[in-house]
Asker: 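Quick one: the structure is below, questions incoming.
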Amino acid sequence: MLVRDAMSTVVLTIGPTHTLRQAAALMSARKVGAAVVHDPDAGGIGILTERDILNSVGLGQDPDTERAHAHTTNNVVFAAPAWTLEEAAGAMAHGGFRHLIVLDGGEPAGIVSVRDIIRCWAPARQQVPA
């Protein structure tokens, strides 16, 4: 199975000046765990995850004043739609993250998460006798 078969095509894109509260509200409303941060001043595309927001709040930072750009990962590992789920899972395990932005033609086409991969693998694994 390929990344294109598992990825979510709902890509929430925010700007670098969104507050963490605004980002969290948008992520919650869309029921996604990550947002693509488009920041031309910082090199283009980054990612802000629920973990980034949680870490900031856990440090006592104010989500109403903290900006996305301060918590965005900019050295992003991107996936291609034609990657296998094994390749995506390997990249996630190697990098210690749970989301990959999927680029198609240099543009975000989707996001694949650990949850997406598990959802695809679980039905096949359930058919194996215990």
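Start at 1 with the first residue, then count along the sequence.
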Asker: Is there a side-chain contact between Met1 and Thr84 in this structure, where contact means two heavy atoms from C-beta onward sitting under 4.5 Å apart?
Answerer: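 With C-beta onward as the side chain, the pair stays apart.
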Asker: Let me check something: do Val36 and Val76 share a hydrophobic cluster, defined by ILVMFWY side-chain heavy atoms less than 4.5 Å apart, either directly or through other members?
Answerer: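 Same cluster: Val36 reaches Val76 through Ile, Leu, Val, Met, Phe, Trp or Tyr contacts under 4.5 Å.
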Asker: Do Val11 and Thr13 have side chains that approach each other closer than 4.5 Å (heavy atoms only, starting at C-beta)?
Answerer: yes
Asker: Specify the closest pair of heavy atoms between Ala88 and Val3, including all atoms of both residues, with the distance to one decimal.
Answerer: CB-CG2, 3.8 Å
Asker: List the steps, then state whether side-chain contact (heavy atoms from CB on, under 4.5 Å) holds for Phe97 with Thr73.
Answerer: CA-CA 11 Å; Phe97 43 80; Thr73 300; over 6 Å; no
Asker: For Glu66 and Pro63, indicate whether the former's side chain and the latter's backbone hold a donor-acceptor pair under 3.5 Å.
Answerer: no
Asker: Would you give the length of the straight line joining atom NE2 of His99 to atom OG of Ser113, rounded to the nearest 0.5 angstrom?
Answerer: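 It is 5.0 Å, given to the nearest 0.5 Å.
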Asker: Decide yes or no for Arg21 and Ile53: does some side-chain heavy atom of the first lie under 4.5 Å from some side-chain heavy atom of the second?
Answerer: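 No - every pair of side-chain heavy atoms lies 4.5 Å or more apart.
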Asker: When you look at Cys120 and Leu85, which way does the side-chain contact (heavy atoms from CB on, under 4.5 Å) test go after all the steps?
Answerer: CA-CA 9 Å; Cys120 290; Leu85 293 185; 3.7 Å; yes
Asker: First locate atom CH2 of Trp83, then atom CE of Met7, and finally report the distance between them rounded to the nearest 0.5 Å.
Answerer: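 These two atoms lie 13.5 Å from each other.
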Asker: Do the side chains of Leu2 and Ile101 join up, straight or via other hydrophobic residues, at under 4.5 Å, putting them in one cluster?
Answerer: no
Asker: When you look at Glu50 and Arg98, which way does the side-chain contact (heavy atoms from CB on, under 4.5 Å) test go after all the steps?
Answerer: CA-CA 10 Å; Glu50 56 202 357; Arg98 299 177 298 172; 3.6 Å; yes
Asker: Which pair of heavy atoms, one from Leu103 and one from Pro108, lies closest together, and at what distance?
Answerer: CD2-N, 3.5 Å
Asker: Side-chain heavy atoms under 4.5 angstrom apart, residues restricted to Ile, Leu, Val, Met, Phe, Trp, Tyr: same cluster for Val32 and Ile118?
Answerer: no
Asker: With a 4.5 Å cut-off on side-chain heavy-atom distances among I, L, V, M, F, W and Y, is there a chain of contacts connecting Ile14 to Ile45?
Answerer: no
Asker: Check whether Leu20 and Ile47 end up in the same hydrophobic cluster, where Ile, Leu, Val, Met, Phe, Trp and Tyr are linked by side-chain heavy atoms less than 4.5 Å apart.
Answerer: no
Asker: Determine, stepwise, if the pair Leu12 / Met27 fulfils side-chain contact (heavy atoms from CB on, under 4.5 Å).
Answerer: CA-CA 7 Å; Leu12 173 61; Met27 290 164 65; 3.6 Å; yes
Asker: When rounded to the nearest 0.5 angstrom, what is the spacing between CG in Leu59 and CG in Leu54?
Answerer: 9.5 Å
Asker: Nearest 0.5 Å, what's the CD1-OG1 distance between Ile111 and Thr9?
Answerer: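 Rounded to the nearest 0.5 Å, the CD1-OG1 separation comes out at 10.5 Å.
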Asker: Can you tell me how far OG1 of Thr72 sits from NE2 of His18, rounded to the nearest 0.5 angstrom?
Answerer: 11.5 Å
Asker: Using the side-chain contact (heavy atoms from CB on, under 4.5 Å) definition, which of the options Thr49, Val37, Asn55, Leu48 pairs with His71?
Answerer: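 Output: one option passes, namely Leu48.
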Asker: Could you measure the distance from the CZ atom of Arg4 to the CG atom of Asp104? Nearest 0.5 Å is fine.
Answerer: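 It is 8.0 Å, given to the nearest 0.5 Å.
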Asker: Taking the side chain as everything from C-beta on, heavy atoms only, tell me whether Pro81 gets closer than 4.5 Å to Val102.
Answerer: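 Yes - at least one pair of side-chain heavy atoms lies under 4.5 Å apart.
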